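As structure tokens, the structure follows; a few thoughts come after it.
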Amino acid sequence: MLLTCPSCKTKNFLDPYPFWNFKGKTKCAGCGKVWRLETAGGACVSGPEAADGQADLLPGFAEKPDYSPISGPGLTRSAPRARKDSVCRPIPIQKNVRGQIVSGHPLKKEDLVGSRPKFIVERT
Amino acid sequence: MAKETASKSATQQGFEDFCHETFDFKKAFGKPEALKGYRVLSCTQYILGPSCASYMAELGAEVIKIEAPRRGEAMRHTTPFNEPFLYPLSRWVPERGTGLGFLGANPNEYFISVDFHRPEGQAIVKKLAAKSDVMVENYRPGTFDRWGIGYRQLREINPRLVYCWLGGFGGWGPGRVRASYDILGQSQGGNFGMTGKPEFLGGTPSKHTIWLADYWGGMMGAVQILAALYWRDKISGEGTFTEYSQVHGVTRQLEYALPLYGRHGVTRERWGNWDTQLCVHGIIKCGKSSYPKSENPQEQEEGYILISAYDDKDFARLCQAVGDGKTAEKYAKHDARVKPQSQMEIYPWLEKWAADKTKEQVAETLDKAGINNQPVWNAKEVANHPHWQQRGAVQWLDDPTFGDLMHQGPAYKMSHTPPRLKWALKPVGADNEYILGKLAGLSSEELRRLEEQECI
Amino acid sequence: MATPKVAPWPAIPIAKPDEVYGGLSDQAKEYPTFLETILRQEKNFEKPEALSRLRVLDCSTRMMIGHWCSSMLSELGAEVIQVEPPGGDPLRKNTPFGRREYMFRDKETGEEVGGQFLHEMRNKLSITLNLETEEGREILRKLAVHADVVIENAPPGQWDSWGIGYRQLKEINPRLIYCWVGQRGQWGPLKDKAGVLDPTAQAACGFVHGTGDPKEFGGQPTRSALWMADHVGGTTAAMGILAAVLYRENISGEGQFVEATAAEAIIRILDYSWAWYSMDGSIRPRYGNWDLAINIYAVNPCKDGYMMVGGGHDRLWYRIWRVVGDEYPAVEEDILGDLHLREVADRLGHDMQVKTYTMLGEWLKDNPRSEAERKLSKQQVASGGVLYVNEVAEYPHFKYRGHVAETESPFYGKILYGTTPFLQHKTPGRLKWLGRPTGHDNEDVYRRLLGFAREDFARLKKSNVI
């Protein structure tokens with residue numbers, strides 16, 4: 001459910017699985033105001049009403065009306081990650097987990113022998 | 001069936017060494033290949049079709065993967081979290097890489113690029129099909145027929161060809177036009193709705209996180225192909241057409257659900273990590289993480305373990321290990337334990353006991369008591385485990401194009417003609433010159449011309 | 001407890017070809033009609049069987065992996081003899097929640113069998129043999145002379161120590177293909193202990209850890225409802241056996257030793273887990289019903305259940321939002337205006353997936369599965385609802401193609417079951433019978449293969465050898 005904060009208009013993404021049938025409090029990631037609401041089948045059936053205290057469940061993600069992203073500890077729930085330093089962009093890899101060479105980074109035509117990287121062909 | 005472990009006689013010790021030697025994957029290349037001399041065309045994309053052909057590549061068939069020129073098929077452009085890629089994607093596009101979604105479905109193969117839409121491309125496919133034993137394709141039903149390279153056309157050129165089509169919903173019937181993906185096959189086939197925590201415990205249906213319908217579907221296609229090759233070579237001399245529908249395969253797997261529904265009108269529902277037929281035979285949470293100081297969030301999670309003690313005497317020993325005489329008495333008989341209300345008591349009771357332990361500590365206690373168990377391992381634990389490494393289930397591969405990679409080995413072992421892993425994959429069109437030269441008779445000039453026109 | 005009256009299946013009659021293809025142009029219906037002429041299962045019994053020359057002894061007990069393997073072979077025509085301990089394979093007694101009323105009863109003998117075993121006991125003969133006795137093992141040696149394939153799943157080394165392992169049987173029948181199946185292996189630090197069953201394999205190979213909702217969604221590692229690793233492992237065992245048969249026939253004239261485990265079958269298909277780990281130490285996380293590598297490609301809640309929608313590349317991505325925009329123009333506008341979602345690769349980050357599926361959820365909440373599918377299919381987007389088995393059994397497309405069918409067993413009556421997916425032009429897979437009482441074929445098999453006479457039967461029954 002998309003919760004547009006009545007106060008600051010931040011778009012709070014209350015993601016489907018945990019928020020489909022939800023009763024309790026969540027917190028706007030933009031301004032910190034706590035809102036009580038109830039959802040049933042993904043639709044809001046009661047609230048959002050201003051509330052006090054701690055949120056029961058944080059949004060999955062949020063963004064300002066101009067699309068600038070808001071996420072972080074205490075603001076949104078953390079993402080499942082495969083490593084500590086996940087970035088979700090192509091990462092260049094030259095040495096693998098046991099220190100050996102692997103062709104994990106972009107190349108140029110002159111780096112190739114046929115379809116193979118030169119530095120792989122020429123390994124000792 | 002006798003439950004005692006076989007005695008440690010001289011023969012027994014000899015047997016394990018015998019197995020280790022017989023199935024040693026490092027010795028595989030000294031042994032012949034079951035499908036030596038067979039040729040397979042893999043005109044496939046995503047996972048269902050490609051994996052089917054790859055199982056024959058493991059057995060030694062010459063498998064030729066045919067993709068769209070320059071950038072190859074769509075699966076090369078998928079990779080987890082958008083991070084790891086293997087470069088180059090092709091010699092024309094070296095700044096891009098092949099995503100790891102492509103990995104596992106195309107090992108040991110030769111890679112050529114041909115544009116099926118063009119008459120010259122179709123002519124090339126016909127030349128290759130004339131010399132092949134198997135054609136595997138998973139394009140929309142009727143596509144290859146329209147392009148003049150379907151079963152009806154190719155069997156005129158090569159009556160011995162085994163033509164294997166795989167797809168989501170099959171080529172005929174009211175739903176034949178539906179595009180399909182693996183998890184759609186899972187959803188519609190019925191195994192998705194049964195997996196996961198029950199509704200009344202706040203659970204939701206869960207997909208199987210492997211492309212089960214695709215990869216296993218490819219295996220089913222391969223079983224059909226091997227049977228068809230046997231029938232052709234041994235008995236009939238004839239090729240055939242095989243159709244495999246992913247969603248059909250999933251429905252085949254539903255165990256007692258259909259007989260139960262047909263006879264009693266009862267719909268099988270989710271039962272989470274427990275078992276509907278045996279108790280104790282389920283996966284419980286252990287309260288502590290095995291690697292609390294790890295920086296990797298996956299390792300910081302608490303552990304889980306499968307406990308299997310469904311025979312009455314095993315259950316009694318489990319209760320002893322946990323130290324609870326009351327439960328032992330109340331649920332001494334399997335009939336009492338296996339009821340849903342009993343299970344809802346027993347598993348929380350076990351989780352309470354495990355709440356202050358790691359999965360390794362639980363495993364140790366259970367091992368001492370002689371109770372079957374299996375910790376739930378993550379990818380790193382499996383990758384580094386000596387058992388899987390020794391057996392070659394996971395192997396460090398010196399890939400000729402990409403370097404040092406860990407890769408899965410073949411799923412099964414054979415003593416005389418072991419399937420084996422040769423390379424993980426190759427860039428798009430890496431073998432154009434070699435394959436099109438030797439099989440399609442194209443001169444280097446023709447190859448250059450077709451390449452310029454992006455027909456190959 | 002009153003048992004509800006069960007309506008006959010199918011509740012809605014199965015469509016005829018005219019209803020399915022009527023109204024289509026000749027060109028549109030030409031290809032599917034051609035396929036029907038070569039693939040419809042009604043014609044199965046007019047056609048030969050691919051594996052009818054092979055005889056298989058399935059001696060596995062208590063696990064599904066061996067039975068699944070022999071089903072693959074029996075559906076394709078092999079003669080499969082299931083060799084069960086006297087009293088039957090203990091799997092016969094499995095029934096959901098121990099409910100005897102769910103079991104199937106043999107009309108003549110009253111013997112009960114559970115649905116799981118029944119469903120896999122297809123096209124197979126059943127004999128009993130007690131391999132715990134030396135006499136039983138001697139009989140197995142004699143049977144092995146007549147077999148092409150033997151499948152067993154005894155604890156590692158047990159058959160070898162009994163003198164009926166690969167090393168011994170190959171001396172008796174050098175053409176024999178001997179297949180051991182299990183969960184983790186018959187050698188290695190983790191070799192199987194007696195009594196292990198799926199989901200042992202699922203837990204050992206990384207599958208359970210990777211399946212289910214992430215902890216951040218309140219989830220946990222999840223096993224398959226099914227003994228799924230057994231099914232996949234059994235399929236790999238069948239591949240190994242058929243490859244061995246081909247090699248024997250083509251080249252060597254000899255059998256060999258095949259080993260297939262449920263865990264390694266799954267390891268083989270855990271696609272990128274191993275390479276990903278080796279490249280940068282990543283440990284594959286659970287991602288629930290979403291996907292690490294493709295967005296949109298997920299199952300999410302909808303008005304009447306759960307809905308799968310797929311479309312990662314641009315062509316489909318924009319079509320999905322067009323469908324959504326018909327009812328929620330503001331949602332489509334927001335998505336189209338978001339530069340962070342412009343590139344296919346950028347849509348993969350978790351934050352973007354949260355946004356994507358939350359916005360999609362605004363539309364899904366108002367659309368039941370059938371409606372969502374209808375609207376999306378107009379734009380050629382792959383989608384479909386999560387179906388429960390009662391819905392699968394009545395789904396028109398599956399009924400029409402015979403994914404689900406009813407058979408009438410002379411022993412057990414009418415049984416609804418999942419049919420073989422081995423559709424073929426020349427040698428299709430087929431069902432001959434479903435279910436077989438324990439030892440039903442003792443008379444036939446022992447007489448014709450081993451020449452047993454009446455006194456042999458009497459003596460061996462008395463001493464509990466058969």
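Quantities reported herein were computed from a predicted structural model and do not represent experimental measurements. Below, chain A is the first sequence line, B the second, and so on; all start at residue 1.
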Verify, without hydrogens or angle tests, whether [X] (side chain) and [Y] (backbone) share a donor-acceptor contact under 3.5 angstrom.
X	Y	answer
C:Thr211	B:Thr209	yes
C:Asn94	B:Gln277	no
B:Asn372	C:Ala194	yes
B:Arg178	C:Ser377	no
C:Asp280	B:Pro84	no
B:Asn273	C:Arg223	yes
B:Gln188	C:Leu387	no
B:Thr240	C:Lys426	yes
B:Glu243	C:Gln424	no
B:Arg263	C:Lys414	yes

Starting at [atom1] of [X], measure out to [atom2] of [Y] and round the result to the nearest 0.5 Å.
X	Y	atom1	atom2	answer
B:Phe241	C:Ile38	CZ	CD1	5.5 Å
B:Leu258	C:Trp9	CG	CH2	9.0 Å
C:Tyr102	B:Thr276	OH	OG1	10.5 Å
C:Ile266	B:Trp216	CD1	CH2	11.0 Å
C:Glu264	B:Arg391	CD	CZ	4.0 Å
C:Gln116	B:Leu260	CD	CG	12.0 Å

Contact summary for [X] and [Y], nearest pair of heavy atoms:
X	Y	value
B:Cys19	C:Trp187	CB-CD1, 3.4 Å
B:Ser187	C:Val299	OG-CG2, 3.8 Å
C:Ala238	B:Val223	CB-CG2, 4.2 Å
C:Ala225	B:Thr195	N-OG1, 3.2 Å
B:Gly171	C:Arg401	N-NH1, 3.7 Å
B:Gln374	C:Ala203	CG-CB, 3.7 Å

Are the aromatic rings of [X] and [Y] close, with centres under 6.0 Å apart?
X	Y	answer
C:His425	B:Tyr151	yes
C:Phe257	B:Phe23	yes
B:His416	C:Tyr247	no
B:Trp271	C:Phe97	yes

So which part of [X] gets closer than 4.5 Å to some heavy atom of chain B, the side chain, the backbone, both or neither?
X	result
C:Asn250	side chain
C:Glu120	side chain
C:Glu254	side chain
C:Ser383	backbone

Just do the side-chain hydrogen bond (donor to acceptor under 3.5 Å, both in side chains) check on B:Gln298 and C:Arg284 with the steps written out, would you? CA-CA 8 Å; B:Gln298 292 304 309; C:Arg284 185 179 190 148; over 6 Å; no
Any non-hydrogen side-chain atom of [X] less than 4.5 Å from a side-chain atom of [Y]?
X	Y	value
B:Trp388	C:Ile267	yes
C:Tyr417	B:Leu254	no
C:Thr419	B:Arg252	no
C:Tyr306	B:Thr204	yes
C:Leu423	B:Gln224	no
C:Leu246	B:Lys234	no
B:Phe81	C:Ser282	no
C:Val232	B:Leu212	yes

Tell me yes or no: between the side chains of B:Tyr412 and C:Glu259, is some donor less than 3.5 Å from an acceptor?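 Judged by distance alone, the side chains do not pair up.
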C:His231-B:Glu255 side chain donor-acceptor pair, cut-off 3.5 Å: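 Note: C:His231 and B:Glu255 side chains meet the donor-acceptor criterion.
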Are any of the side-chain nitrogens in C:Arg62 or B:Asp311 under 4.0 Å away from the carboxylate oxygens of its partner?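 Looking at B:Asp311 together with C:Arg62, the answer is yes, because their closest N to O distance falls below 4.0 Å.
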B:Glu301/C:Lys215 salt bridge by N-O under 4.0 Å criterion: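 Salt bridge absent between C:Lys215 and B:Glu301.
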Report yes or no: is the cationic atom of B:Arg152 (NZ for Lys, CZ for Arg) closer than 6.0 Å to the six-membered ring centre of C:Phe34, at no more than 45° off its axis?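 Because its charged atom sits under 6.0 Å from the ring centre and within 45° of the axis, B:Arg152 does stack over C:Phe34.
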Pi-cation contact, C:Tyr388 with B:Arg268 (under 6.0 Å, within 45°): no
Choice from C:Pro285, C:Ala265, C:Gly210, C:Gly206 maximising heavy atom contacts with chain B below 4.5 Å: C:Pro285
Counting heavy-atom pairs under 4.5 Å with chain B, which one of C:Ser273, C:Pro199, C:Gly98 comes out on top?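 With the most close heavy-atom pairs to chain B, the winner is C:Pro199.
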In terms of relative ring orientation, are C:His403 and B:His248 parallel, tilted or perpendicular, with 30° and 60° separating the classes?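 Rings of C:His403 and B:His248: parallel, as their planes differ by under 30°.
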Decide yes or no on side-chain hydrogen bond (donor to acceptor under 3.5 Å, both in side chains) for C:Glu249 and B:Tyr230, but give the supporting numbers first. CA-CA 8 Å; C:Glu249 299 303 316; B:Tyr230 166 80; 5.2 Å; no
For chain C, which candidate among [options] shows the most heavy-atom pairs at distances under 4.5 Å?
options	answer
B:Ile47, B:Val266, B:Thr22	B:Val266
B:Met220, B:Arg270, B:Glu238	B:Met220
B:Gly190, B:Gly99, B:Ala227, B:Gly265	B:Ala227
B:His77, B:His407, B:His208, B:Glu299	B:His208
B:Gly202, B:Gly175, B:Ala379	B:Gly175
B:Thr242, B:Asn191, B:Val177	B:Thr242

Just wondering, more than 12 heavy atoms not from B:Glu269 lying within 6.0 Å of its CD? no
Should C:His119 and B:Tyr256 be marked as a ring-ring contact (aromatic ring centres under 6.0 Å, His included) after you check the CA-CA gap, both sets of side-chain angles, and the distance that decides it? CA-CA 6 Å; C:His119 198 248; B:Tyr256 62 75; 9.7 Å; no
